[in-house]
Amino acid sequence: MRILRVPPPPRMARFHLPPPALPSPRLRGRGWRIWRGPRTWAGVDRRPPPVFRGRSSPATAAAAITSVGAQPGTATEPPPGSGADPGPYSRSSPCAMDWQPDEQGLQQVLQLLKDSQSPNTATQRIVQDKLKQLNQFPDFNNYLIFVLTRLKSEDEPTRSLSGLILKNNVKAHYQSFPPPVADFIKQECLNNIGDASSLIRATIGILITTIASKGELQMWPELLPQLCNLLNSEDYNTCEGAFGALQKICEDSSELLDSDALNRPLNIMIPKFLQFFKHCSPKIRSHAIACVNQFIMDRAQALMDNIDTFIEHLFALAVDDDPEVRKNVCRALVMLLEVRIDRLIPHMHSIIQYMLQRTQDHDENVALEACEFWLTLAEQPICKEVLASHLVQLIPILVKGMKYSEIDIILLKGDVEEDEAVPDSEQDIKPRFHKSRTVTLPHEAERPDGSEDAEDDDDDDALSDWNLRKCSAAALDVLANVFREELLPHLLPLLKDLLFHPEWVVKESGILVLGAIAEGCMQGMVPYLPELIPHLIQCLSDKKALVRSIACWTLSRYAHWVVSQPPDMHLKPLMTELLKRILDGNKRVQEAACSAFATLEEEACTELVPYLSYILDTLVFAFGKYQHKNLLILYDAIGTLADSVGHHLNQPEYIQKLMPPLIQKWNELKDEDKDLFPLLECLSSVATALQSGFLPYCEPVYQRCVTLVQKTLAQAMMYTQHPEQYEAPDKDFMIVALDLLSGLAEGLGGHVEQLVARSNIMTLLFQCMQDSMPEVRQSSFALLGDLTKACFIHVKPCIAEFMPILGTNLNPEFISVCNNATWAIGEICMQMGAEMQPYVQMVLNNLVEIINRPNTPKTLLENTGRLTSPSAIPAITIGRLGYVCPQEVAPMLQQFIRPWCTSLRNIRDNEEKDSAFRGICMMIGVNPGGVVQDFIFFCDAVASWVSPKDDLRDMFYKILHGFKDQVGEENWQQFSEQFPPLLKERLAAFYGV
């Protein structure tokens, strides 16, 4: 809940804004975003920013241009007869407004600007070298602003490029500009913000906001008053240029504008902007809304004070003729829905009707902005109440929006059916980030919330821009999760027509609809799936590649249901057809099929074991068929298969099929090739699954991983010591190497001992555990835990050094690091036994604090379900600490027993749970009073066991009967009346209480 501040007493405003002038003649301007492009104009922002270091007199930059072929360091000498003072910036710096360029130098700068627009790489290199030399002279920036603002005879791209190069210089080195240069640039910007060219006005606006972002809003006190005054100009160009600059400042400096540092100029600016909502020019109206929109999400007080006026003005513009205005109105309403829904509720019916119209707007940008409304509304508690009566209108609109547009099909090359032989371009391959190894408990009752949704993107990844199709599908997905089966009466009649439509593009949209509702409407769809799944499997053979690819995705969304049926009914036909599609002639279908098969692998697990030979034949054949991008996805499918079938993969026949192509790829890739990331992840899973079957391959793989870690650490050290000479290393190489070492340790077990003995991995691990990057520490602690289990003989000598590091990483702000450190401590406990005693106090208090964080159910009766608690790993480690050192841990029993029990009641029977419960029983033996107040939670945790080992069952029996005997039969009866019926039945059946 936002705490409203008491407004400060009124202050004297720093500037006064006169009332607006009469509206200018009606002009139909272009949309406000049209000129934002130059902020990232191709060929400018991607270059390294030019560097400025030296000082010179106004003429020396021109001299440098004419002597650009001279040796480095000689450019500072002025030419004979130039009259320039060779000393610092000039002994008597002229007033900024007096500066005039040298004509010869100006022509050279213009030629340089024209050359820089050449597509020729060699020319570009020459230009870059010249720019580096010229940037030794501060007055070169004067030339750049002069070309931008004064040379109106030059073509617009050249003038704009001059401004963008200047913007890069400002971004990199503005603090070292001499005051006269900085003043000249600022004056020229303000004097020319009304240039006749919209491109030049936009470039000047970018330059202004870049200067402002360098801390100059405080140091340029006249900027905001002058821009706001220029809004009153009767000249359209001046008003539009000033608004463009203000909009960029609002985007880049929104928090500062609402701060005391500037005396809260928003108190004047917001009412000012609101006046222009009624301006005759649509572009000005659009600017005004866009400026105010920047302050909605931060709930700027000046806007909150004018919120009703703002909403009233938005409603007045709802049916504006201009699409940019309508788009900004929709954007404002979407944000207000999130932060000030209280002000929209009285008008909600009308707003929904308006958004239904706008989601069908003929301008797709407006329709996309309006479609966001349904995504946001679905997150609001009132969604069901306010939207239920509108579903009959909304659902057909969303479904219609899910059809590919003609532009989409062109961009996706939808008419190209076979492209498998076409090599991927570098743009096809997204940057890939390795996900560090996270320790999870292998038998948790359910997945953590959201874990399975991370990769549930729809099929058209290559069409990476967020578009109406994707937004409509996402909206239908979230609404299906809100309304569940109530959505189906509105959908099923539409689906029947779509799925069997003769036009492929319509049928494709129907398959996407079916996939979008899979999660939310699963229960209601179950009666129809026996008929629909075979139809979808049939669609995998459709003649259109886009139909085949979306069928892959939708079938993956129903994989859980498919696996729940008898294997021959749906699993076998689906698996067979997906494997065919993995070898499809179309790259998009290959990608979709590979991803869908990975999902099927996760769901089916060991159900796939009978088909492993066929599966491996297909995946290995794909190695020789796939281009670069899909090869990376293939690694994931193989790794997921290994995770899913585990040790069943450890058969000579399977190893002989799988390992040669993987090792071939491994040998082909260099240490600095980022394709190592997915291959290392894949090999980590394979090594874990193959166990001893990986032994013939383990030594070179192990040594390369150690080398990768060592190289990265060395590069990091060199960068830390000499950042100006060395680049920062990509630590993902180290992270994936640590994770593969974990996989080797887990898979090979004791066999890894000799490899560890012959390497310096423990020394490297000590460094990695202290790395500044959380993901490196996360993977380090996972490896430490796996080495502790596999070859503790090499870990034990390091325990005294390792334990303090583990203790300092028990910080829940970095939850995955904390979890892995906690798990490693638990594994060390089991190996150290009573020798753990000196380290208990080093970690116990932090563990107790973590387990008491407010993320577990507060009372047993509030939660009788089976939710997965994030405190499970800390609980197991506390139990293990108590198992080996009960005397040290038991005194704190009362501080953690309740959250401990509620965490571990959700974990299925396994070795970790066994050792933790033995620990809690031993601690209760030492300190029985610590459990008395929360004994009901202990009873529930005991009842969560399905089949504890006999000696553990005896421990439970003694504690339960000991408590019952101590309180007496009558008190026990009263106490047990609190138990939920299922708990009472289980305790009576298993323990006779």
Side-chain angles (χ1 to χ4, degrees), residues 34-54 56 58-72 75-76 99 101-174 176-177 181 184-185 188-189 192 195 197-211 426-427:
I34 211 75
W35 44 254
R36 289 185 64 194
R39 302 182 82 175
T40 53
W41 207 18
V44 178
D45 275 1
R46 276 179 283 214
R47 302 175 187 165
V51 178
F52 148 71
R53 285 196 178 88
S56 71
T60 52
I65 296 169
T66 56
S67 62
V68 80
Q71 292 299 313
T76 55
W99 187 88
D102 174 270
E103 186 56 36
Q104 186 183 8
L106 183 60
Q107 292 308 313
Q108 293 283 344
V109 169
L110 288 171
Q111 188 58 49
L112 186 66
L113 291 168
K114 292 184 189 304
D115 289 347
S116 71
Q117 297 171 63
S118 165
N120 184 282
T121 308
T123 305
Q124 286 287 336
R125 271 199 294 270
I126 293 168
V127 168
Q128 285 299 308
D129 291 340
K130 286 182 179 179
L131 281 173
K132 283 180 183 176
Q133 292 185 38
L134 289 171
N135 273 298
Q136 296 175 26
F137 308 102
D139 61 313
F140 175 54
N141 295 305
N142 285 4
Y143 280 85
L144 293 174
I145 191 69
F146 189 89
V147 172
L148 174 66
T149 59
R150 303 272 188 96
L151 286 193
K152 301 185 190 294
S153 58
E154 279 299 321
D155 62 86
E156 290 179 16
T158 299
R159 291 172 63 196
S160 177
L161 181 59
S162 182
L164 292 167
I165 292 172
L166 175 57
K167 185 265 298 190
N168 281 350
N169 287 2
V170 167
K171 202 169 183 179
H173 296 292
Y174 184 76
S176 52
F177 281 21
V181 173
F184 182 56
I185 293 169
E188 285 296 294
C189 284
N192 293 277
D195 193 279
S197 160
S198 62
L199 176 60
I200 301 305
R201 294 197 300 273
T203 308
I204 293 172
I206 292 165
L207 190 50
I208 286 173
T209 193
T210 307
I211 294 170
E426 284 308 307
Q427 298 96 292

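FYI, side chains are in, hydrogens and waters are out, and symmetry mates aren't considered; it's all heavy atoms of this structure.
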Under 3.5 Å: donor-acceptor pair, side chain of Ser160, backbone of Glu156: no
Pair Phe137 and Phe140, ring centroids less than 6.0 Å apart: no
From Thr210 atom OG1 to Asn169 atom CG, the distance as rounded to the nearest 0.5 Å: 11.0 Å
Close side-chain approach of Phe184 to Phe177, heavy-atom, < 4.5 Å: no
Gap separating the CG atom of Asn141 from the CZ atom of Phe146, nearest 0.5 angstrom: 15.0 Å
Flag side-chain contact, heavy atom, 4.5 Å: Leu164 against Leu207: no
Partner residues of Gln107 under the side chain to side chain contact (heavy atoms under 4.5 Å, CB included) criterion, sequence neighbours left out: Glu103, Leu110
Side chain to side chain, Lys130 and Gln111, heavy atoms closer than 4.5 Å: no
Spatial distance of atom CG (Leu134) from atom CG (Leu144) [nearest 0.5 Å]: 8.5 Å
4.5 Å side-chain heavy-atom contact, Leu151 and Thr158: no
Residue of the set Ile185, Ile204, Val181 for which side chain to side chain contact (heavy atoms under 4.5 Å, CB included) holds with Ile145: Ile185
From Thr123 atom OG1 to Gln128 atom CD, the distance as rounded to the nearest 0.5 Å: 12.0 Å
With Thr149 via side chain to side chain donor-acceptor pair (under 3.5 Å) - residues at least two apart: Glu188
Gly163 to Leu148 - nearest heavy-atom pair and separation: CA-CD2, 3.9 Å
Gln124 (side chain) donor-acceptor with Ser116 (main chain) under 3.5 angstrom: yes
Within-4.5 Å side-chain heavy-atom neighbours: Arg159 and Lys152: yes
Under 3.5 Å: donor-acceptor pair, side chain of Ser176, backbone of His173: yes
Sidechain-backbone polar pair: Asp102 side chain, Gly105 backbone, donor-acceptor under 3.5 Å: yes
Polar side-chain atom of Gln117 near backbone of Leu113 as donor-acceptor pair, under 3.5 Å: yes
Atom pair CG/OG1 of Leu199 and Thr203 - distance to nearest 0.5 Å: 4.5 Å
